[in-house]
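Comments concern the structure below.
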2 protein chains.
Amino acid sequence: MAAITAVMRSASIFLQRADTILKPYGLTFARFEVLALLGFSSRGSLPMSHASRRLQVHATSLTSSVDRLESAGLVRRVPHPTDGRTRLLELTDSGREVLEAAREQLNIQLFADSGLEPREAAELSGILASFRHRAGDFL
Amino acid sequence: MAAITAVMRSASIFLQRADTILKPYGLTFARFEVLALLGFSSRGSLPMSHASRRLQVHATSLTSSVDRLESAGLVRRVPHPTDGRTRLLELTDSGREVLEAAREQLNIQLFADSGLEPREAAELSGILASFRHRAGDFL
DNA sequence: TTCCAAACCTTGGATGTCCAAGTATATTGT
DNA sequence: ACAATATACTTGGACATCCAAGGTTTGGAA
């Protein structure tokens, strides 16, 4: 019980910090994750369905994030060449620039200075990874 | 970085499970926490400002939870005897019954069967408690 | 080939969270 | 005592998340 509430509180602390750091870039952590996923993908484009599975959010949540990213000119929805149902997400040039800048700030201000000792971070990752695995996370 | 995303994902897994378990009672985890806090308080009533501090949510979030709890007849807002600004929250009889039933199910289905080994849960609690302390949590 | 189930995405609605701003009441300092 | 400040709560708006339901397009099965 204590462990579960601690996880929830800690997550909300991290989320608030991330959102604060990302605010100057017009991003939230949810939208940053979309950009980061696109940045990692080798071809630079990804079907929305893949993105929502990777990010572990419902398709509807992704739709709403992408709506905002597209309004901001950071990503584009393009038709899939062979599957009419699918829409591919692509970073725009502007999206790539914002991603790099935002990632750098997150690395500096959040990840490098998370408030966790390296040993603690490693233990957390280990425990939570096996928990998530048992919980069927990581489809 | 991995630790932080693991914490966030795990929190959302726990939250989804809790909400699923609580759904039959017409509760969400956020609203359950309000009821549980009132259940713990010795006098059975608590100013909203205290509740929002204890639960670590903004006053506005609490207002919205309490609106729904009050509509469902589970809590009551009563005026503070000496401070006209303050409103006290009180469990109704129905609220107390729902709280007991919901708590029992959470204990059975979530806390006792969290997917964490006791040793893991203890380590998590320890690491996250010192993190939260350093982060200035627990006002 | 035709038809029905499955997959992909979006819309609409509910909830929770935050912030900014507004109203009401207390408290503090001069 | 009065004015300025602080506290308590609510309202309105933005965002993220989920679920249920609907439209399109595929693909497999009869």
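Letters go in sequence order (proteins before strands), and every chain restarts at 1. Computed over heavy atoms, backbone and side chain alike; hydrogens, waters and symmetry mates excluded.
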Integer-rounded Å distance: [N] [atom2] and [X] [atom1]:
X	N	atom1	atom2	value
L15(A)	dT17(C)	CG	C1'	9 Å
R9(B)	dT17(D)	CZ	P	10 Å
H80(A)	dT25(D)	NE2	C1'	13 Å
L69(B)	dG16(C)	CG	C1'	13 Å
R54(B)	dA8(D)	CZ	P	14 Å

query: Does R68(A) make a cation-pi contact with F32(A), if we ask for NZ or CZ under 6.0 Å from the ring centre and within 45° of the axis?
result: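 The answer is no, since R68(A) fails at least one limit relative to F32(A).
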
- prompt: When you measure from the centre of the six-membered ring of F40(A), is the NZ or CZ of R103(A) under 6.0 Å away and within 45° of the axis?
  reply: yes

message: Just to be sure I understand the geometry, which residues of residues 23-39 of chain B put a non-hydrogen atom under 4.0 Å away from DNA chain C?
response: T28(B), A30(B), R31(B)

Looking at [N], I'd like to know if its phosphate oxygens (OP1 or OP2) sit under 4.0 Å from a side-chain N or O belonging to [X].
X	N	result
R85(A)	dG23(D)	no
S49(B)	dC9(D)	yes
Q16(A)	dC18(C)	yes
S61(B)	dC18(C)	yes

query: Atom CZ in R119(A), atom CG in L124(A): separation rounded to 0.5 Å?
result: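 R119(A) CZ to L124(A) CG: 10.0 Å, rounded to 0.5 Å.
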
- line: The reported gap from CG in D93(A) to CG in L74(A) (rounded to nearest 0.5 angstrom) is 11.5 Å

query: Got a salt bridge between E70(B) and R76(B), using NZ or NE/NH1/NH2 to carboxylate O under 4.0 Å?
result: no

query: Do you see a donor-acceptor pair shorter than 3.5 Å between the side chains of S12(B) and R9(B)?
result: yes

Give one of base, sugar-phosphate or nothing for [X], where a contact means two heavy atoms less than 4.0 Å apart.
X	result
D83(B)	sugar-phosphate
T86(B)	sugar-phosphate
T82(B)	sugar-phosphate

task: Taking T5(B) for its side chain and A2(B) for its backbone only, find out whether a donor-acceptor pair lies under 3.5 Å.
output: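 Yes: the side chain of T5(B) pairs with the backbone of A2(B).
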
- prompt: Ignoring hydrogens and geometry, is there a side-chain-to-backbone donor-acceptor pair from R31(A) to S65(A) under 3.5 Å?
  reply: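 No: the side chain of R31(A) does not pair with the backbone of S65(A).
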
Which atom pairs, donor and acceptor, lie under 3.5 Å between side-chain atoms of residues 16-26 of chain A and protein residues at least two apart or in another chain?
residue: R17(A); atom: NH1; partner: S114(A); partner atom: O; Å: 3.2
residue: D19(A); atom: OD1; partner: F29(A); partner atom: N; Å: 2.8
residue: T20(A); atom: OG1; partner: Q16(A); partner atom: O; Å: 2.8

query: Which of these nucleotides, dC9(C), dA16(D), dA8(D), is closest to any side-chain atom of R68(A)?
result: dA16(D)

Polar-atom pairs under 3.5 Å, protein N or O versus N or O of nucleotides 10-13 of chain C: list them with distances, or write none.
residue: dT10(C); atom: OP1; partner: R77(A); partner atom: NH1; Å: 2.6
residue: dT10(C); atom: OP1; partner: R87(A); partner atom: NH1; Å: 3.1
residue: dT10(C); atom: OP2; partner: T63(A); partner atom: OG1; Å: 2.7
residue: dT10(C); atom: OP2; partner: R77(A); partner atom: NH1; Å: 3.2

